[in-house]
Trainee: 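Handing you a structure now.
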Amino acid sequence: MKAILVNPDKSLSWSDVPNPVIGDEDVLVEIHCAALNRADLMQRDGDYPPPPGCPEWMGLEIAGVIVEMGKTAAEKSNYKLGDKVCALLGGGGYAEYVSVKYDMLMPIPKGRTLAEASAMPEAYATAYLNLFIEGKAKAGDTLLMNAGASGLASVVIPMAKAFGLRVITTVLSDEIAEKIKPLGADIVVNTTKENIADVLKAQLEAGTPVDIAIDCLGGSFMGSCLPYLAHGARWIMIAALAGRITEIDLKNIYVRNVRIIGSTLRSRTPEFKAELLKMLVDNVWPKVEAGMMKPSIYKVLPIQQAEEAHDILMRGENVGKVVLNVK
């Protein structure tokens, strides 16, 4: 089969690789679509290696068709040959086929396309993990979701709204603010015009402070925001695209009982991920099928144009997910 490999000069090529081998608990999926994540860019640069046992090529979420099943997978799961599924991977999605343990599969929500479904497993699992497991979100809470134009924000914001949260998000221009209006955020802050810390201070003084923050930026502004959160707030760090260093008033942390939580999905155990995916199907898929939220697709490109797709993410031009079409 073919897969996208990273060449020594960091360029990408659609190259021949060995076919996947499936075990008793595995399912072979013919990949139709694979969605991009920023983790792919990190892996391409050598900063985010796949877990042991995963293929060396990138790709954390896919959608496709089951073409082969191991004996235990057929016995223990409700899936059958020919079923359309989406899957959360440790890696290996930029390819024609992938071997997946049966409990990493999810049915495609009714009414969603394969391209849309491919954009759901990693992003929706990450959103649910950080909102409800790490963030302990409940209806009426206020969420700060930084980088409102990111692929993750395109999932987190509608998911938070569907579960009754109030949402503040940040962007870098009025043009981007206009583009993300359909996501439904209550307050969109253009950080080239307003200081987000000043906005959070005003929210605190108005009695509507932030209870949960999901932050992929970090940098100096992170520490400046912490004094203006709700008592007991959770600030969840998932990346540090704006810088790894910040200054924090530690007294504020313990006096206000603020929790700073580091969180990644890829490092979790397979057992944790399987349980998380079950929660998604039970709690989120019905809202997707009811039209309360849906994946936001920015562009679909052929798999052979993976380098162009990566460039879109690196330039930060996308509002929503970029998807590679394999079939």
Trainee: Tell me who clusters with Ile245, hydrophobic residues only, linked when side chains sit under 4.5 Å apart either directly or through other members.
Mentor: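 Via sub-4.5 Å side-chain contacts, Ile245 links to none.
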
Trainee: Treating Thr246 as the side-chain partner and Gly223 as the backbone partner, does any N or O pair qualify as donor plus acceptor under 3.5 Å?
Mentor: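 Such a contact is found between Thr246 side chain and Gly223 backbone.
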
Trainee: For the atom pair NZ (Lys327) and CD1 (Ile31), what is the distance rounded to the nearest 0.5 Å?
Mentor: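 Result: 11.0 Å between the selected atoms.
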
Trainee: Determine whether Leu144 and Ile196 make a side-chain contact, defined as any pair of heavy atoms from C-beta on separated by less than 4.5 Å.
Mentor: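 Yes. Closest side-chain heavy atoms under 4.5 Å.
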
Trainee: Could you walk me through whether Ile133 and Phe272 satisfy the side-chain contact (heavy atoms from CB on, under 4.5 Å) test, starting with their C-alpha distance in whole Å, then the side-chain angles of each, then the deciding distance to 0.1 Å, before giving a yes or no?
Mentor: CA-CA 11 Å; Ile133 297 176; Phe272 179 94; 4.1 Å; yes

Trainee: Just by distance, with hydrogens left out, do Thr126 and Arg266 show a side-chain donor and acceptor under 3.5 Å apart?
Mentor: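 Side-chain D/A pair, Thr126 to Arg266: absent.
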
Trainee: For Ala274 versus Met104, what's the shortest heavy-atom pair and its separation?
Mentor: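 Answer, listing the atom of Ala274 first, then Met104: N-CE, 3.2 Å.
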
Trainee: Given 3.5 Å as the limit, does a donor-acceptor pair link the side chain of Trp57 with the main chain of Val17, or not?
Mentor: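 Judged by distance alone, no pair lies under 3.5 Å.
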
Trainee: Do Ile303 and Leu301 land in one hydrophobic cluster if side-chain heavy atoms of ILVMFWY residues count as linked below 4.5 Å?
Mentor: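 Yes, one cluster joins them.
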
Trainee: Please test Lys2 against Asp16 for salt bridge (Lys or Arg N to Asp or Glu O under 4.0 Å), starting from the C-alpha separation and ending with a verdict.
Mentor: CA-CA 4 Å; Lys2 288 187 177 294; Asp16 290 320; 3.1 Å; yes

Trainee: Determine whether Gln203 and Thr142 make a side-chain contact, defined as any pair of heavy atoms from C-beta on separated by less than 4.5 Å.
Mentor: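 Heavy-atom side-chain distance check fails, nothing below 4.5 Å.
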
Trainee: For side-chain contact (heavy atoms from CB on, under 4.5 Å), just list the numbers for Met314 and Leu41, CA-CA rounded to whole Å, side-chain angles, deciding distance to a tenth of an Å, and then say yes or no.
Mentor: CA-CA 8 Å; Met314 286 189 279; Leu41 305 184; 3.7 Å; yes

Trainee: For Asp103 and Lys278, run side-chain contact (heavy atoms from CB on, under 4.5 Å): C-alpha distance rounded to whole Å, both residues' side-chain angles, the deciding distance at 0.1 Å, then the answer.
Mentor: CA-CA 9 Å; Asp103 57 8; Lys278 184 178 184 302; over 6 Å; no

Trainee: Side chain to side chain contact (heavy atoms under 4.5 Å, CB included) with Leu200: which of Leu226, Val189, Val210?
Mentor: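 Testing each of Leu226, Val189, Val210 against Leu200, the sole residue satisfying side chain to side chain contact (heavy atoms under 4.5 Å, CB included) is Val210.
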
Trainee: Identify the heavy atoms of Val167 and Ala160 that sit nearest to each other, and give their distance.
Mentor: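 Between these two residues, the closest heavy atoms are CG2-CB, 3.7 Å.
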
Trainee: Kindly give the heavy-atom pair with the smallest separation between Ile297 and Ala119, and that separation in Å.
Mentor: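 Here Ile297 and Ala119 meet closest at CD1-CB, 3.7 Å.
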
Trainee: Among residues at least two apart in sequence or on other chains, which ones pass side-chain contact (heavy atoms from CB on, under 4.5 Å) with Ala153?
Mentor: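 Met145, Ser150, Ile157.
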
Trainee: Measure the CE-CD distance between Met58 and Glu56 for me, rounded to the nearest 0.5 Å.
Mentor: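 Rounded to the nearest 0.5 Å, the CE-CD separation comes to 10.0 Å.
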
Trainee: When rounded to the nearest 0.5 angstrom, what distance separates CE in Met1 from CG in Asn19?
Mentor: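 Answer for the CE-CG pair, Met1 versus Asn19, is 6.5 Å.
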
Trainee: Any donor-acceptor pair under 3.5 Å linking the side chain of Gln305 with the backbone of Pro302?
Mentor: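 Not at all, since once roles are kept as given, no pair shorter than 3.5 Å links the two residues.
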
Trainee: Partners of His32 by ring pair (Phe, Tyr, Trp, His ring centres under 6.0 Å), sequence neighbours excluded?
Mentor: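 Ring pair (Phe, Tyr, Trp, His ring centres under 6.0 Å) list for His32, sorted by chain: empty.
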
Trainee: Starting at CG of Leu277, measure out to OH of Tyr128 and round the result to the nearest 0.5 Å.
Mentor: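 Output value for this atom pair is 12.0 Å.
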
Trainee: List in chain and number order the residues that pass side-chain hydrogen bond (donor to acceptor under 3.5 Å, both in side chains) with Glu25, two or more places apart in sequence or in another chain; answer none if no residue qualifies.
Mentor: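 None.
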
Trainee: Are the side chain of Thr191 and the backbone N or O of Val171 linked by a donor-acceptor pair below 3.5 Å?
Mentor: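 Yes; at least one donor-acceptor contact below 3.5 Å.
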
Trainee: Taking side-chain contact (heavy atoms from CB on, under 4.5 Å) as the definition, give me every residue that meets it alongside Lys136, ordered by chain and number, with sequence neighbours left out.
Mentor: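 So Lys136 forms a side-chain contact (heavy atoms from CB on, under 4.5 Å) with Arg234.
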
Trainee: If you take all heavy atoms of Ile22 and Val27, which pair is closest and at what distance?
Mentor: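 Heavy atoms of Ile22 and Val27 come nearest at CG2-C, 4.4 Å.
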
Trainee: Do Ser173 and Thr192 have side-chain heavy atoms sitting under 4.5 Å apart?
Mentor: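 No. Closest side-chain heavy atoms not under 4.5 Å.
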
Trainee: Are Arg44 and Glu307 within salt-bridge range, i.e. N to O under 4.0 Å?
Mentor: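 Yes.
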
Trainee: Checking Tyr102 now: which residues fulfil ring pair (Phe, Tyr, Trp, His ring centres under 6.0 Å) with it, not counting sequence neighbours?
Mentor: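 Testing Tyr102 for ring pair (Phe, Tyr, Trp, His ring centres under 6.0 Å), a comparison that skips the adjacent residues, returns none.
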
Trainee: Using the side-chain hydrogen bond (donor to acceptor under 3.5 Å, both in side chains) rule, pick out the option among Lys321, Gln43, Glu122 that qualifies with Asn37.
Mentor: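 Single pass found, and it is Lys321.
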
Trainee: Provide the closest heavy-atom pair for Ser263 versus Ile236 in the form atom of the first, atom of the second, distance.
Mentor: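 Minimum heavy-atom separation between Ser263 and Ile236: CB-CG2, 3.8 Å.
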
Trainee: Who pairs with Tyr298 by side-chain hydrogen bond (donor to acceptor under 3.5 Å, both in side chains), at least two apart in sequence or on another chain?
Mentor: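 Once residues adjacent in sequence are excluded, the partners of Tyr298 under the side-chain hydrogen bond (donor to acceptor under 3.5 Å, both in side chains) criterion are Glu317.
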
Trainee: What residues form a side-chain hydrogen bond (donor to acceptor under 3.5 Å, both in side chains) with Asp45, not counting sequence neighbours?
Mentor: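 Here no residue qualifies.
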
Trainee: Any heavy-atom pair between the side chains of Met120 and Pro109 that's under 4.5 Å?
Mentor: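 Side chain of Pro109 against side chain of Met120, heavy atoms only: contact under 4.5 Å found.
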
Trainee: Can you name the nearest heavy-atom pair linking Lys294 to Tyr124, along with the distance?
Mentor: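 Taking Lys294 first and Tyr124 second, the nearest heavy atoms are C-OH, 3.4 Å.
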
Trainee: Quick one: side-chain contact (heavy atoms from CB on, under 4.5 Å) partners of Lys193, sequence neighbours excluded?
Mentor: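 side-chain contact (heavy atoms from CB on, under 4.5 Å) check on Lys193 returns Asp174, Asn190.
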
Trainee: Within a strict 4.5 Å, meaning less than it, do heavy atoms of the Ile312 and Leu36 side chains meet?
Mentor: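 They are not in side-chain contact.
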
Trainee: Identify, with sequence neighbours excluded, every residue that meets side-chain contact (heavy atoms from CB on, under 4.5 Å) alongside Leu204.
Mentor: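 Applying side-chain contact (heavy atoms from CB on, under 4.5 Å) to Leu204 gives Pro209, Tyr228, Arg256.
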
Trainee: Nearest 0.5 Å please: distance from the CD atom of Glu175 over to the NZ atom of Lys179.
Mentor: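 It is 4.5 Å, given to the nearest 0.5 Å.
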
Trainee: Please check if any side-chain donor atom of Glu61 sits under 3.5 Å from a side-chain acceptor atom of Ser118, or the reverse.
Mentor: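 Checked: Glu61/Ser118 side chains show no N/O donor-acceptor pair below 3.5 Å.
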
Trainee: Please list, chain by chain and in numerical order, all residues satisfying salt bridge (Lys or Arg N to Asp or Glu O under 4.0 Å) with Glu178, sequence neighbours excluded.
Mentor: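 Salt bridge (Lys or Arg N to Asp or Glu O under 4.0 Å) check on Glu178 returns Lys181.
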
Trainee: Among Asp215, Asn195, Thr170, which one satisfies side chain to side chain contact (heavy atoms under 4.5 Å, CB included) with Phe221?
Mentor: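 Among Asp215, Asn195, Thr170, the one that satisfies the side chain to side chain contact (heavy atoms under 4.5 Å, CB included) with Phe221 is Asp215.
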
Trainee: Step by step, work out the side-chain contact (heavy atoms from CB on, under 4.5 Å) result for Arg268 and Leu276.
Mentor: CA-CA 10 Å; Arg268 309 287 173 140; Leu276 178 58; over 6 Å; no

Trainee: Please report the interatomic distance CG(Asn146) to SG(Cys225), rounded to the nearest 0.5 Å.
Mentor: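 That separation rounds to 7.0 Å.
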
Trainee: Looking only at atom types and distance, does a side-chain atom of Glu289 sit under 3.5 Å from a main-chain N or O of Lys110, one as donor and one as acceptor?
Mentor: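 Yes, the answer is positive, given that a donor and an acceptor are paired below the 3.5 Å cut-off.
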
Trainee: Does any non-hydrogen side-chain atom of Leu60 lie less than 4.5 Å from one of Leu265?
Mentor: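 Leu265 does not reach Leu60 side chain to side chain.
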
Trainee: Just to verify, what does Lys201 make a side-chain hydrogen bond (donor to acceptor under 3.5 Å, both in side chains) with, not counting sequence neighbours?
Mentor: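 Checked Lys201 against side-chain hydrogen bond (donor to acceptor under 3.5 Å, both in side chains); zero matches.
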
Trainee: If we ignore hydrogens and angles and just use 3.5 Å, is the side chain of Asp83 paired with the main-chain N or O of Lys80 as donor and acceptor?
Mentor: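 Here the side-chain-to-backbone pair exists.
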
Trainee: With a 4.5 Å cut-off on side-chain heavy-atom distances among I, L, V, M, F, W and Y, is there a chain of contacts connecting Ile238 to Phe132?
Mentor: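 Ile238 and Phe132: one cluster.
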
Trainee: Give a yes or no answer on whether the side chain of Ser77 reaches the backbone of Tyr79 with a donor-acceptor pair at less than 3.5 Å.
Mentor: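 Yes: the side chain of Ser77 pairs with the backbone of Tyr79.
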
Trainee: Do Val29 and Leu105 have side chains that approach each other closer than 4.5 Å (heavy atoms only, starting at C-beta)?
Mentor: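 In contact.
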
